[in-house]
Amino acid sequence: MNAQSTDIATYNFAYLDEQTKRMIRRAILKGIAIPGYQVPFASREMPMPYGWGTGGVQVTASIIGPDDVLKVIDQGADDTTNAVSIRAFFKKVAKVDVTTETAKATIIQTRHRIPEQPLTAGQVLVFQVPIPEPLRFLEPRETETRKMHALEEYGLMHVKLYEDIAKHGRIATTYAYPVKVEGRYVMDPSPTPKFDNPKMHRSPALQLFGAGREKRIYAVPPFTEVVSLDFEDHPFEVQTFDQPCALCGAENVYLDEVILDDHGGHMFVCSDTDHCEKRRADGHHGHLAPETHSASGKMEPAE
Amino acid sequence: MTDEPLLRVSALSKFYGSRVGCENVTFDLWPGEVLAVVGESGSGKTTLLNCLSTRLLPSSGTASYRMRDGQWRELYRMSEAERRFLMRTDWGFVHQNPADGLRMTVSAGANVGERLMAVGDRHYGRIRATAVDWLSRVEIDEDRIDDEPRAFSGGMRQRLQIARNLVTGPRLVFMDEPTGGLDVSVQARLLDLLRGLVTDLGLAAIVVTHDLAVARLLSQRMMVMKDGRVVESGLTDRVLDDPRAPYTQLLVSSILQV
């Protein structure tokens, strides 16, 4: 910064300096070339604490251009603190357009969900990853886990699933469910619910994963095989819900439990807020949807 | 026993800087044979064992192993991937301290099943049935299958470690003081078990021990080491009943008589 600058602070486009972006892009390219492989990179300090998406923000900052449209979700929602502040951050430092609509976005930075609406070719999904190493809790030594990846020694990953079945009678892992990418690397899909694992399989969108504290980037290129690990007699299954979304009536979507009062009242609603709003705008109703908000269309009798 | 050995070791030496770990060790091991390596602590027994099991690379010398397909392979020229594959299929390693050889935070069943999963078994029911079978063979109750080895006694841990190693039907097992740190009655049961398993499965084994009684019970042949060198080798009964090297005589005469 030169002395006569009047701004309090001036940023390079998208906050990171060009050399850093170049370094991160190289890591991303390497990650795309070796699907599922964790590429080390020189993670930078970001103006937010670790665990808030420093890895995802760095990946987004390195790939974003002035014409991009950014969507940021946090547990599926566009309106939570983390999503709002990251969106505001890029609006300020990259002056890009932001949106909450999945279809309009070219880059979607996400914490732990994949949007319900299928992604299309040309879209990029950027995951924020806390612990990129799927073997970490089974084998604490990084030197050893890297060797295990290199030699494709993945028996240990099934030991974890075995333990689940032995303890709970079924595979009880519900998030960060390990997957095998393109028949080679075992990968942690970040703490997304396993409900979203099938969406990664042969997705037309590019999926990038950034772990800021752990300094790793990995990627799943479009149309890549992503297979969830399982046993022959205990196959992989996604979560199912007994009831549809209380607001939009959607079925076969991932639901969040929302507490309504102090007396145990609760409801299950879409975790993907954009998807829910869109359905309601299209006239769909759940049994708890406020009637005043309903758009034109049929009205259901109150229950 | 067949007429071809399983393992051929020739002039194996390991130096730690100028210090000798083991020097110029040469021997053959036949299928189904148990070889005991005895000597006082610091005599190079464990260094030798670690070199043979490729956990350490020797400074010089060679060791060849006859694979299941009859091919001879030189251990120190194999790739790391091949060595590790051998280690978890055709070989076993029983550590003195079971905590080194077990995963203490996963259940006994998973400890036994890990090798099966590592070689590609993906059927939970089969893996569990095999684990139950092996636990009973090492005299661990079936209802302990979902307990962590942390909750096991020393003797049980050691038996679990043996089951974990033998589940893939290895042909060669390395044991480093398998009865170390166990009280005598537990030792006796473990030795009894080991003797039975070795005979039933036709295992070849290299057992490192400082306990001559263990060597006498388990092994057909023994090597006595001192300062990294083999000072005497031969049939176990011959070496113990008629020791020739002065050091072996000292060792044998040092056994406390009860």
Side-chain angles (χ1 to χ4, degrees), chain A residues 34 37 131 133-173 176-186 194 197 225-237, chain B residues 54-55 78-92 99-132 134-135 140 142-151 160 163-165 167-168:
Chain A
I34 319 170
Y37 172 73
I131 296 167
E133 179 52 73
L135 301 162
R136 177 60 64 240
F137 293 109
L138 300 153
E139 173 54 65
R141 291 167 293 177
E142 175 73 10
T143 48
E144 182 67 13
T145 53
R146 286 181 77 90
K147 209 170 264 177
M148 290 162 86
H149 282 294
L151 301 176
E152 225 181 322
E153 279 183 15
Y154 290 131
L156 197 53
M157 207 68 249
H158 274 85
V159 169
K160 177 181 158 37
L161 302 181
Y162 171 97
E163 284 287 273
D164 264 6
I165 303 174
K167 279 191 190 131
H168 309 288
R170 64 198 161 81
I171 298 178
T173 304
Y177 191 103
V179 293
K180 195 163 210 177
V181 181
E182 205 63 11
R184 177 59 180 84
Y185 283 97
V186 165
K194 67 178 173 182
N197 277 17
E225 301 273 321
V226 178
V227 180
S228 304
L229 301 181
D230 59 4
F231 284 104
E232 288 159 21
D233 46 347
H234 286 267
F236 172 77
E237 285 169 349
Chain B
T54 68
R55 292 154 58 82
M78 287 164 77
S79 70
E80 186 169 14
E82 289 175 304
R83 283 204 301 261
R84 286 172 71 120
F85 185 72
L86 199 63
M87 199 73 211
R88 62 175 193 263
T89 53
D90 220 17
W91 289 4
D100 295 338
L102 293 172
R103 289 194 193 279
M104 299 303 278
T105 53
V106 306
S107 69
N111 263 292
V112 178
E114 182 179 343
R115 275 180 164 229
L116 296 172
M117 293 181 249
V119 295
D121 201 329
R122 294 288 178 266
H123 192 282
Y124 175 81
R126 268 204 308 270
I127 293 167
R128 194 158 172 94
T130 314
V132 168
W134 267 100
L135 289 182
I140 295 175
E142 193 185 325
D143 60 6
R144 302 300 302 270
I145 188 168
D146 292 329
D147 291 351
E148 291 177 6
R150 281 191 293 204
L160 179 62
R164 170 181 161 91
N165 273 287
V167 66
T168 47

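Chain letters run A, B, ... following the sequence lines, proteins first, then strands; residues in each count from 1.
- Neither the backbone nor the side chain of R115(B) comes within less than 4.5 Å of any heavy atom of chain A.
- Of the inter-residue distances, the one linking E232(A) atom CD with R122(B) atom CZ reads 9.0 Å to the nearest 0.5 angstrom.
- Other residues, nucleotides and ligands place no more than 12 heavy atoms under 6.0 Å from the CD atom of E237(A).
- Here E80(B) pairs with K147(A) under the side-chain hydrogen bond (donor to acceptor under 3.5 Å, both in side chains) rule; sequence neighbours left out.
- Scanning residues 133-141 of chain A against chain B with a 4.5 Å heavy-atom cutoff picks out L138(A), E139(A), ordered by number.
- Looking only at side-chain heavy atoms (C-beta outward), I165(A) and R128(B) stay at 4.5 Å or farther from each other.
- M117(B) is listed as a side-chain neighbour of F231(A), based on a closest heavy-atom distance under 4.5 Å.
- Distance alone, capped at 3.5 Å, is enough to place a donor-acceptor pair between the E163(A) side chain and the S107(B) backbone.
- For H158(A), the parts lying under 4.5 angstrom from a heavy atom of chain B are both the backbone and the side chain.
- No part of L116(B) comes within reach of chain A, as not one of its non-hydrogen atoms sits under 4.5 angstrom from that chain.
- At least one donor-acceptor pair under 3.5 Å links the side chain of D233(A) to the backbone N or O of Y124(B).
- Remark: F85(B) CZ is loosely packed, at most 12 non-hydrogen atoms of other residues, nucleotides or ligands lying under 6.0 Å away.
- Most heavy-atom pairs under 4.5 Å with chain A, from the set G120(B), A110(B), A81(B): that is A110(B).
- For E142(B), the CD atom counts as loosely surrounded, since its 6.0 Å shell holds 12 or fewer non-hydrogen atoms of other residues, nucleotides or ligands.
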